[in-house]
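To start, the structure itself, in structure tokens.
We name chains A, B, ... by the order of the sequence lines, and we start the count at 1 in each one.
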There are 2 protein chains.
Amino acid sequence: MTRIDDVARLAGVSTATVSRALRGLPTVSDGTRQRVLEAAARLGYTASPSASRLAGGKTRSVAVVVPRITRWFFSTVVEAAEEALHHAGYDLLLYNLGGRERTRQRLLHTTNLHKRVDALMLVATPLQAADVAMIGKLALPGITVSSGTDVPGWPSIRIDDVAAARTATGHLLALGHRRIAHICGDGADELAVSTHLDRRRGYLAALADAGVPADPRLNVEAEFTIGGGERAMTELLRREPPPTAVFAASDEMAMGAMAALRQAGLRVPQDVSVIGIDDHDLAGVVGLSTVAQPAAEQGRLAALALLRPLRDGTGHHDGADPVILPTRLVVRESTAPPPGS
Amino acid sequence: MTRIDDVARLAGVSTATVSRALRGLPTVSDGTRQRVLEAAARLGYTASPSASRLAGGKTRSVAVVVPRITRWFFSTVVEAAEEALHHAGYDLLLYNLGGRERTRQRLLHTTNLHKRVDALMLVATPLQAADVAMIGKLALPGITVSSGTDVPGWPSIRIDDVAAARTATGHLLALGHRRIAHICGDGADELAVSTHLDRRRGYLAALADAGVPADPRLNVEAEFTIGGGERAMTELLRREPPPTAVFAASDEMAMGAMAALRQAGLRVPQDVSVIGIDDHDLAGVVGLSTVAQPAAEQGRLAALALLRPLRDGTGHHDGADPVILPTRLVVRESTAPPPGS
DNA sequence: CTGAAAGCGCTTACAG
DNA sequence: CTGAAAGCGCTTACAG
């Protein structure tokens with residue numbers, strides 16, 4: 001295990017100079033830097049992260065917290081963030097809450113986190129007041145991605161969930177639907193954050209704009225999963241009269257709804273139209289109409305925003321307004337005018 | 001930032017004793033341990049990871065390397081591994097190769113990795129001879145998940161890809177199909193490892209067993225993605241006569257094939273049967289028959305196998321045989337007898 | 001531009 | 001069972 005002393009000896013300089021040269025600090029002459037770089041290369045030397053971290057006080061690591069890495073939105077955000085983080089020389093510690101309430105508490109309440117990472121990226125992570133207070137005490141820079149809990153002083157990246165839901169519902173209205181159901185994210189689902197509230201708000205606003213009265217019996221809560229969408233749709237088919245169209249709060253829920261419809265012997269879109277939000281990789285495969293959101297872009301921008309204060313040394317953000325990325329209606333084959341129109 | 005000295009002072013013992021008590025070493029009297037734990041709790045103290053790592057020589061971190069976290073299999077493996085790793089108190093550093101050849105080289109060739117983590121989990125990571133040699137020099141314990149490159153001395157967890165492919169193909173043969181195409185993983189695709197070769201081998205073996213001659217024109221290579229399956233199916237529809245059934249090497253490819261068939265105006269399974277491997281979350285939604293493999297179980301077992309030598313201090317494995325997990329045929333609605341039978 | 005020395009906050013032999 | 005002291009391998013003022 002070659003250490004900094006070995007490089008110093010070979011280059012004929014002090015360890016301090018090796019340290020400076022290797023990190024690209026400006027206060028090293030060109031000739032010296034050359035010799036140090038050559039010596040380091042010859043010995044295959046890289047500084048020990050543990051030692052650098054202890055001495056330097058920076059971990060060059062970022063914690064990324066997601067509800068479930070297996071869902072389309074979260075894995076896409078993480079993939080984009082990972083690339084930006086590693087490109088900048090930062091390690092990415094992954095925390096997958098996995099629906100386990102205990103994990104979240106352990107994560108945020110551990111006094112450990114602030115000795116372990118330089119910054120925190122919370123993706124759709126539900127926070128209670130106590131959590132937010134705890135995060136404040138960590139005194140770490142951070143960013144939140146996706147609607148939901150805000151942390152005072154942290155920037156956030158997201159879409160406009162109300163507008164996206166409005167677009168989806170508006171599309172169904174424009175096709176002539178009047179009995180439009182909504183499969184809403186479950187507030188009891190700790191992974192849902194407040195996204196589901198915003199999307200329901202958009203749904204209700206679109207109905208109101210069109211002068212269509214909202215039927216509360218067409219509003220069903222479900223988990224943000226395929227199974228959740230499936231169960232919700234089964235439930236909705238018991239309503240009298242049943243809806244002619246369904247707006248699901250995510251593509252995964254929408255696909256679950258499509259599965260339930262097929263099992264019930266109903267055709268999409270001839271009998272029932274379905275639309276979601278996301279533009280999941282598989283939306284094209286099942287012909288699902290949706291409102292696309294840029295997941296990778298949210299992950300990339302979040303990582304870059306997080307890195308900025310770390311690199312310029314201020315260590316904190318300038319408290320900018322939330323960045324709102326655009327969404328876009330994608331019409332495929334799951335939406336059509338209502339039967340008999 | 002409370003340090004170990006603060007705890008020592010409050011508890012009235014030396015820092016060495018605090019260190020021992022907090023880590024649960026046996027050589028501490030019950031009374032002393034009590035006082036130390038209380039002092040630490042009162043001060044909200046946790047040891048600084050950087051300092052522990054430097055002094056102790058262990059990082060309590062594991063690197064998990066996947067080709068693409070956005071794919072079903074990999075995100076499922078990572079989710080299960082994350083839970084096991086964090087449960088044991090280990091950090092998980094995520095490396096997503098993302099199809100970038102440079103990343104893989106940087107990852108493995110960096111002399112950094114062995115100062116950064118205690119162990120390595122390679123999930124379907126393609127390795128060339130030079131990579132394997134480099135890993136040998138890292139002298140880290142590790143494990144490989146999913147078929148593909150083996151590392152000498154490392155255990156591996158996987159399914160029997162040949163058998164799984166045989167099962168899938170056998171199902172189509174039993175239904176009466178004789179013109180069975182295979183959408184094969186692309187060898188040029190660096191993410192494919194050798195999984196695709198094993199699956200093709202199983203396909204060919206099943207045909208041979210049934211006395212059905214293999215038509216090389218029904219064997220198309222594609223990326224392990226939805227788009228890859230889509231393009232391959234489009235290609236296959238140009239064959240004369242076209243296949244009556246398709247075995248795709250993954251569910252994502254199979255779903256891509258289903259999309260291409262729908263776009264070509266063909267019905268599944270009435271015109272063409274489709275089967276995959278995986279049992280992707282969405283396989284049920286699209287009614288895809290498949291050979292299920294236990295992805296989460298592979299991730300969980302891999303993490304546990306990795307932790308074992310780290311905890312008992314030997315730091316290396318006993319070179320056990322590969323663990324082969326069972327697969328299972330799941331028949332849904334995408335497979336049926338050939339047209340006109 | 002460069003070096004000597006202190007210090008980062010722990011863990012680990014070594015004694016007792 | 002416990003402590004004093006050295007040491008892990010860097011970085012950072014401080015001098016020059």
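- OP1 or OP2 of C:dC10 has not a single side-chain nitrogen or oxygen of B:Ser19 nearer than 4.0 Å.
- Atom C1' of nucleotide C:dC10 and atom CZ of A:Arg116 are separated by 14 Å, given to the nearest angstrom.
- Taking the nucleotide of DNA chain C with the nearest heavy atom to each of A:Thr15 and B:Ala16, the more 5' of the two is matched to A:Thr15.
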Interface polar pairs with nucleotides 6-9 of chain D, N/O, under 3.5 angstrom:
from: D:dC8; atom 1: O2; to: B:Ala55; atom 2: N; distance (Å): 3.4

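- Applying the 4.0 Å criterion to OP1 and OP2 of D:dT11, one finds that A:Arg23 has a side-chain N or O inside that range.
- B:Asn96 places no side-chain N or O within 3.5 Å of a backbone atom of A:Glu79 that could act as its donor or acceptor partner.
- At a threshold of 4.5 Å between non-hydrogen side-chain atoms, the residues B:Tyr90 and B:Leu310 count as touching.
- Of all non-hydrogen atoms in A:Ala302 and A:Val145, the two that sit nearest each other are CB-CG2, 3.5 Å.
- Contact annotation: A:Ser14 does not reach the phosphate of C:dT2 (side-chain N/O to OP1 or OP2, under 4.0 Å).
- In this structure, CZ of B:Arg60 is placed 11 Å from P of C:dT11, rounded to the nearest angstrom.
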Hey, what are the protein-to-nucleotides 14-16 of chain D N/O distances that come in under 3.5 Å?
none

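- If you take CZ of A:Arg9 and C1' of C:dA4, they are 16 Å apart, rounded to a whole angstrom.
- You'll find the side chain of B:Thr144 stays beyond 4.5 Å of the side chain of B:Met121, heavy atoms only.
- Nucleotide C:dT2: paired with D:dA15 (Watson-Crick or G-U wobble, both distances less than 3.5 Å).
- Residue contacts shown for B:Thr27 include a base, since a base heavy atom lies under 4.0 Å away.
- As rounded to whole Å, 12 Å separates atom P of C:dC1 from atom CG of A:Leu25.
- For the atom pair CD of B:Gln298 and CD1 of B:Ile324, the computed distance is 9.5 Å after rounding to the nearest 0.5 Å.
- The shortest heavy-atom contact between B:Phe74 and B:Arg68 is CD1-O, 3.2 Å.
- For D:dC1, neither phosphate oxygen OP1 nor OP2 lies less than 4.0 angstrom from any side-chain nitrogen or oxygen of B:Thr32.
- Without hydrogens or angle criteria, A:Arg60 side chain to A:Ala88 main chain gives a donor-acceptor distance under 3.5 Å.
- Proximity of B:Val64 to A:Leu94: side-chain heavy atoms (C-beta onward) are nowhere separated by under 4.5 Å.
- Considering only heavy atoms from C-beta on, A:Arg300 stays 4.5 Å or farther from A:Val77 through its side chain.
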